[in-house]
Amino acid sequence: MAESSSPGMKREDPDRNSKMSAVVVVHGGAWAIPDQLAEASVDGVKAAACEGSSVLKRGGSALDAVEAAVRALEDNPAFNAGHGATLNADGEVELDAIIMDGRTLASGAVSSVKNIANPVSLARAVMEKTAHVMLTSRGANLFAESIGVVTVPPDTLLTEYEKKEWEKHKTYVTGVDEDFNTQWAHDTVGAVAVDRAGNVACATSTGGIRNKMVGRVGDSPVIGAGGYADNLSGAVSCTGHGESILKVTLARLILSHVERGKSVADSSQLSLQYMADRVRGAGGSIVVSPSGQWAATFTTDRMAWAAVDQDVLWYGLDPDERLREQLS
């Protein structure tokens with residue numbers, strides 16, 4: 001049975017540090033999600049949150065949990081990441097992703113990859129198998145080939161819906177406007193988690209903005225913008241207009257407020273408002289602290305989000321919507 005409550009954020013819990021309960025939060029993008037995609041978006045984030053939570057319940061790390069959750073979202077054509085990606089101005093897929101470990105600040109990212117079904121896992125390989133943080137385009141694909149990552153034909157990442165929408169809207173400016181102000185394109189996915197050891201992690205993945213210039217890279221694979229994780233403050237994954245998020249380094253801005261003693265919910269709201277005031281950008285974020293406090297906040301019409309916290313599945317889509325289901 002689902003029940004409504006206050007906006008998407010976890011209540012403060014003074015016993016959190018002693019309990020060290022594992023938490024995972026996911027989002028499926030902040031934009032004007034149309035009614036025809038609403039159910040699939042909510043079902044998708046709920047399934048991804050449960051996937052990440054099952055990793056934590058088996059004793060997996062926060063890093064393992066966010067990778068598993070984002071892979072589930074990348075595999076779901078309802079979202080703009082991996083399968084279901086949008087097309088650039090030349091009608092090509094270009095995928096970006098990041099993953100970050102809050103325990104060590106290790107991070108890996110890829111950008112503008114074309115034939116990788118799960119770029120979040122390639123980003124993790126960059127983190128663990130190279131001395132670098134980000135690989136892009138041809139270099140990322142060469143690295144993937146060198147470690148045996150399976151590639152897929154780019155056409156298999158496309159949906160008929162995206163092909164039709166790309167034909168309708170062939171200018172980048174129109175694409176940006178419609179992503180966040182109407183109901184045409186969809187956006188980034190992401191996950192944050194804290195495990196029972198108190199380690200946090202984040203992951204973000206995207207297919208970009210429809211009709212973007214070839215080679216355009218947004219916030220998603222950029223440390224401090226599309227995501228950040230630090231055991232001293234928390235983990236964040238951001239979504240929304242990439243150029244706006246980059247300009248205010250949104251993920252790091254949110255954690256800077258946390259470091260000054262504000263709650264994760266207030267930190268998210270203040271930072272999103274700052275982005276709106278300074279660069280007129282809309283978006284959303286999910287945040288988790290090392291003690292397990294979490295928030296899902298957005299300034300767009302809708303954001304599909306879900307969280308698993310102490311065997312309760314929380315989720316929402318519309319502003320101030322917070323529903324819950326008891327898990328067995």
Side-chain angles (χ1 to χ4, degrees), residues 29 67 70-71 73-75 77 79-100 106-159 162-163 166 170-173 175-176 179 185-190 202-228 237-247 249 251:
E67 181 185 11
V70 169
R71 282 181 63 97
L73 294 165
E74 290 173 338
D75 290 342
F79 303 105
N80 172 20
H83 296 85
T86 54
L87 295 171
N88 66 16
D90 279 0
E92 299 172 329
V93 169
E94 290 182 308
L95 306 174
D96 307 328
I98 191 173
I99 193 166
M100 187 166 184
S107 51
V110 294
S111 66
S112 298
V113 296
K114 298 179 183 299
N115 57 358
I116 304 294
N118 295 111
V120 69
S121 293
L122 183 57
R124 183 167 181 177
V126 171
M127 178 181 76
E128 295 179 339
K129 299 178 185 295
T130 81
H132 305 307
V133 168
M134 183 186 292
L135 295 178
T136 190
S137 191
R138 176 173 171 269
N141 278 108
L142 287 172
F143 169 65
E145 183 180 329
S146 74
I147 61 172
V149 173
V150 175
T151 59
V152 298
D155 284 353
T156 65
L157 301 175
L158 291 179
T159 63
E162 173 56 22
K163 291 176 186 176
W166 181 79
K170 287 191 174 181
T171 67
Y172 172 65
V173 173
V176 171
D179 267 352
H186 42 192
D187 186 46
T188 309
V189 304
C202 73
T204 307
S205 181
T206 189
I209 295 176
R210 181 178 297 133
N211 294 309
K212 70 186 181 75
M213 290 178 65
V214 175
R216 175 265 188 187
V217 177
D219 68 288
S220 298
V222 177
I223 293 175
Y228 200 81
S237 173
C238 296
T239 169
H241 183 219
E243 281 71 13
S244 297
I245 293 171
L246 281 164
K247 289 172 184 175
T249 55

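Predicted model only: the values in this text are computed from it and were never measured. Both backbone and side-chain heavy atoms feed into the values below; hydrogens, waters and symmetry mates do not.
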**Student:** Holding to side-chain contact (heavy atoms from CB on, under 4.5 Å), I want the full list of residues that pass it with Val217, two or more places apart in sequence or in another chain.
**Tutor:** Asp96, Ser111, Ser112, Pro221
**Student:** In Å, rounded to the nearest 0.5 Å, how long is the span from CG of Leu73 to CG of Asn80?
**Tutor:** 11.5 Å
**Student:** Tell me, with the steps shown, if Glu145 and Thr151 meet side chain to side chain contact (heavy atoms under 4.5 Å, CB included).
**Tutor:** CA-CA 8 Å; Glu145 183 180 329; Thr151 59; over 6 Å; no
**Student:** Given Val222 and Ile98, is the side chain to side chain contact (heavy atoms under 4.5 Å, CB included) satisfied, shown in steps?
**Tutor:** CA-CA 7 Å; Val222 177; Ile98 191 173; over 6 Å; no
**Student:** Is the backbone N or O of Gly215 less than 3.5 Å from a side-chain atom of Glu94, with the two atoms forming a donor-acceptor pair by type?
**Tutor:** yes
**Student:** Would you check, one step at a time, whether the test side chain to side chain donor-acceptor pair (under 3.5 Å) holds for Ser220 with Thr204?
**Tutor:** CA-CA 6 Å; Ser220 298; Thr204 307; over 6 Å; no
**Student:** The criterion is side-chain hydrogen bond (donor to acceptor under 3.5 Å, both in side chains); which residues satisfy it with Ser205, sequence neighbours excluded?
**Tutor:** Glu74
**Student:** Report the distance from atom CG of Asn141 to atom NZ of Lys114, rounding to the nearest 0.5 Å.
**Tutor:** 8.5 Å
**Student:** Measuring from atom CG of Asn115 to atom CG of Leu95, what distance do you get when rounded to the nearest 0.5 angstrom?
**Tutor:** 9.0 Å
**Student:** Could you tell me whether the side chain of Thr249 reaches within less than 4.5 Å of the side chain of Tyr228, counting heavy atoms only?
**Tutor:** no
**Student:** Provide the closest heavy-atom pair for Ile223 versus Ser107 in the form atom of the first, atom of the second, distance.
**Tutor:** CD1-OG, 2.9 Å
**Student:** Looking at Val189, Val70, Thr188, which one forms a side-chain contact (heavy atoms from CB on, under 4.5 Å) with Phe79?
**Tutor:** Val189
**Student:** Nearest heavy-atom pair of Ala85 and Val93: which atoms, and what distance?
**Tutor:** CB-CG1, 4.0 Å
**Student:** Please evaluate residues Met134 and Val126 with respect to the criterion side chain to side chain contact (heavy atoms under 4.5 Å, CB included), reporting the C-alpha separation (whole Å), side-chain torsions for both, the decisive distance (0.1 Å), and the verdict.
**Tutor:** CA-CA 7 Å; Met134 183 186 292; Val126 171; over 6 Å; no
**Student:** Quick check: do Arg216 and Glu243 have side-chain heavy atoms less than 4.5 Å from each other?
**Tutor:** yes
**Student:** Give the minimum heavy-atom separation between Ile245 and Ala225, together with the two atoms involved.
**Tutor:** CG2-O, 3.4 Å
**Student:** For Glu128, give me all partners under side-chain hydrogen bond (donor to acceptor under 3.5 Å, both in side chains), at least two apart in sequence or on another chain.
**Tutor:** Arg124
**Student:** Check whether any side-chain heavy atom of Lys212 sits under 4.5 Å from a side-chain heavy atom of Asn88, and report yes or no.
**Tutor:** yes
**Student:** Taking all atoms of both residues into account, what is the closest heavy-atom pair of Pro119 and Val110, and its distance?
**Tutor:** O-CG2, 3.7 Å
**Student:** Hey, could you give me the OG1/CD1 distance between Thr130 and Ile147, rounded to the nearest 0.5 Å?
**Tutor:** 9.5 Å
**Student:** List the atom of Ser237, the atom of Ala203, and the distance in Å for their closest heavy-atom pair.
**Tutor:** OG-O, 3.5 Å
**Student:** What distance separates Leu142 CG from Leu135 CG, expressed to the nearest 0.5 Å?
**Tutor:** 9.5 Å
**Student:** Looking at every non-hydrogen atom in both residues, tell me the closest pair between Gly242 and Asp219 and how far apart they are.
**Tutor:** CA-OD1, 3.1 Å
